[in-house]
Undergrad: 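I'd like to ask you about the structure that follows.
Predicted, not measured: the structure shown is a model, and the values here were computed from it.
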Amino acid sequence: MKVRRIVANIETPDIAAAKRFYQDALGLDVLMDLGWIATYGSDEKMQVQVSFMAQGGSGTPVPDLSIEVDDVDAALNAMKTAGFVIEYGPADEPWGVRRFYVRDPFGRLVNILSHR
C-alpha cells in the first residue's frame with residue numbers, strides 16, 4: 001500500500017471565500033467545484049508530507065498549513081496586495097527557509113515558505 005495524496009480539509013460555510021486567497025493570491029487552480037466543496041491545487045509533482053509540531057519554530061505558534069512556493073517574496077507581495085494581514089515575517093530562519101505567516105479567510109494560520 002502507498003499513500004497517493006494527502007488533502008487538507010477546511011470546514012467553512014463560505015466556500016467561495018477560498019478563491020481570493022488560494023486561487024487569486026497563491027495562484028492555485030480550481031481542480032473541482034461541486035458547490036459544497038471546492039478543491040484547489042496544482043499539476044506540479046509534490047512530496048507527500050505530514051508534520052507534527054510542538055511549536056512553529058522561532059517561538060511562533062504551530063501553523064495549520066504550510067505551503068512551499070518558488071518565490072516567497074512574490075507570495076508575500078500578493079498577500080499584501082490582496083489585503084491579507086501578515087502575522088509573522090518575512091523571516092530567514094536558521095533551518096534554511098524564508099517564510100511568513102498569514103491567516104486565510106477562514107482564520108487558519110498558513111506558513112508560506114521557500115527553501116533558501
Undergrad: Find out if a path of hydrophobic residues (ILVMFWY) with successive side-chain heavy-atom gaps under 4.5 Å connects Val7 to Met46.
TA: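 The answer is no; the residues belong to distinct hydrophobic clusters.
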Undergrad: Is there a continuous path of hydrophobic side-chain contacts, each under 4.5 Å between heavy atoms, that joins Trp95 to Leu113?
TA: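 Linked, Trp95 and Leu113 end up in one cluster.
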Undergrad: Indicate the atoms forming the closest heavy-atom contact of Ala82 with Ala25, along with that distance.
TA: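 Where Ala82 meets Ala25 most closely, the heavy atoms are CB-CB, 4.4 Å.
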Undergrad: Measuring from Leu65:CG to Asn111:CG, what's the distance to the nearest 0.5 Å?
TA: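 Here the interatomic distance stands at 9.5 Å.
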Undergrad: Checking ring-ring contact (aromatic ring centres under 6.0 Å, His included) between Phe84 and each of Tyr22, Tyr101, Phe21, which is the one that passes?
TA: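 Of Tyr22, Tyr101, Phe21, ring-ring contact (aromatic ring centres under 6.0 Å, His included) with Phe84 is met by Phe21 alone.
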Undergrad: With a 3.5 Å distance limit and no angle check, can you tell me whether Arg103 reaches the backbone of Val110 through a side-chain donor-acceptor pair?
TA: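 No, the answer is negative, given that no donor and acceptor are paired below the 3.5 Å cut-off.
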Undergrad: What heavy-atom pair brings Met1 and Val3 nearest, and what distance separates the two atoms?
TA: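 Heavy-atom minimum between the residues: SD-N, 4.2 Å.
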Undergrad: Do Val48 and Val50 belong to the same hydrophobic cluster, where Ile, Leu, Val, Met, Phe, Trp and Tyr are linked whenever their side-chain heavy atoms lie under 4.5 Å apart, directly or via other members?
TA: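 Yes, because Val48 and Val50 connect within a single hydrophobic cluster, where side-chain heavy atoms sit under 4.5 Å apart.
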Undergrad: To check you understand the geometry: which heavy-atom pair defines the closest contact between Met53 and Pro63, and what is its length?
TA: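 What the structure gives for the nearest pair is CE-CD, 3.9 Å.
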Undergrad: Check for a donor-acceptor pair, side chain of Asp104 on one end and backbone N or O of Phe106 on the other, with a separation under 3.5 Å.
TA: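 Side chain of Asp104 to backbone of Phe106: a pair is present.
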Undergrad: Given Met79 and Leu26, is the side-chain contact (heavy atoms from CB on, under 4.5 Å) satisfied, shown in steps?
TA: CA-CA 8 Å; Met79 288 297 166; Leu26 282 178; 3.6 Å; yes
Undergrad: How far apart are the C-alpha atoms of Gln55 and Thr60, what are their side-chain angles, what is the distance that settles it, and do they pass the side chain to side chain donor-acceptor pair (under 3.5 Å) test?
TA: CA-CA 7 Å; Gln55 52 115 345; Thr60 65; 5.2 Å; no
Undergrad: Using the salt bridge (Lys or Arg N to Asp or Glu O under 4.0 Å) rule, take Arg98 and Asp73 through it: C-alpha gap first, then chi angles, then the decisive distance, then the call.
TA: CA-CA 9 Å; Arg98 180 166 173 75; Asp73 292 312; 3.0 Å; yes
Undergrad: How about Arg5: does its CZ atom have over 12 heavy atoms from other parts shown lying under 6.0 Å from it?
TA: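 Open.
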Undergrad: Would a single hydrophobic cluster contain both Val102 and Ile10, if residues Ile, Leu, Val, Met, Phe, Trp and Tyr are joined by side-chain heavy-atom contacts under 4.5 Å?
TA: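 Result: yes, single cluster for both.
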Undergrad: side-chain contact (heavy atoms from CB on, under 4.5 Å) with Gln23: which residues, sequence neighbours excluded?
TA: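 If we apply the side-chain contact (heavy atoms from CB on, under 4.5 Å) test to Gln23, skipping adjacent residues, the hits are Lys19, Val30, Tyr40.
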Undergrad: Kindly say whether Leu109 contributes a backbone atom to a donor-acceptor pair with the side chain of Asp64 at under 3.5 angstrom?
TA: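 It does hold such a pair.
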Undergrad: Looking at Ser114 and Val69, would you say the former's side chain and the latter's main chain have a donor-acceptor pair under 3.5 Å?
TA: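 Yes: the side chain of Ser114 pairs with the backbone of Val69.
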Undergrad: Only one of Gln49, Arg99, His115 passes side chain to side chain donor-acceptor pair (under 3.5 Å) with Glu68; say which it is.
TA: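 Between Glu68 and the candidates, side chain to side chain donor-acceptor pair (under 3.5 Å) is satisfied uniquely by His115.
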Undergrad: Roughly how far apart are Asp71 CG and Ile112 CD1, rounded to 0.5 Å?
TA: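 One gets 12.0 Å once the value is rounded to the nearest 0.5 Å.
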Undergrad: Given ring-ring contact (aromatic ring centres under 6.0 Å, His included), test Phe100 with Tyr88 step by step and report yes or no.
TA: CA-CA 5 Å; Phe100 66 92; Tyr88 172 76; 9.7 Å; no
Undergrad: Does Asp43 CG have over 12 foreign heavy atoms under 6.0 Å away?
TA: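 Counting other residues, nucleotides and ligands, CG of Asp43 stays at 12 neighbours or fewer.
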Undergrad: If I take atom CD1 from residue Ile37 and atom OG1 from residue Thr12, how far apart are they, to the nearest 0.5 angstrom?
TA: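 Rounded to the nearest 0.5 Å, the CD1-OG1 separation comes to 12.5 Å.
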Undergrad: Are Ile86 and Val62 connected, step by step, through hydrophobic side chains (Ile, Leu, Val, Met, Phe, Trp, Tyr) whose heavy atoms are closer than 4.5 Å?
TA: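 No, Ile86 does not connect to Val62 through the hydrophobic network.
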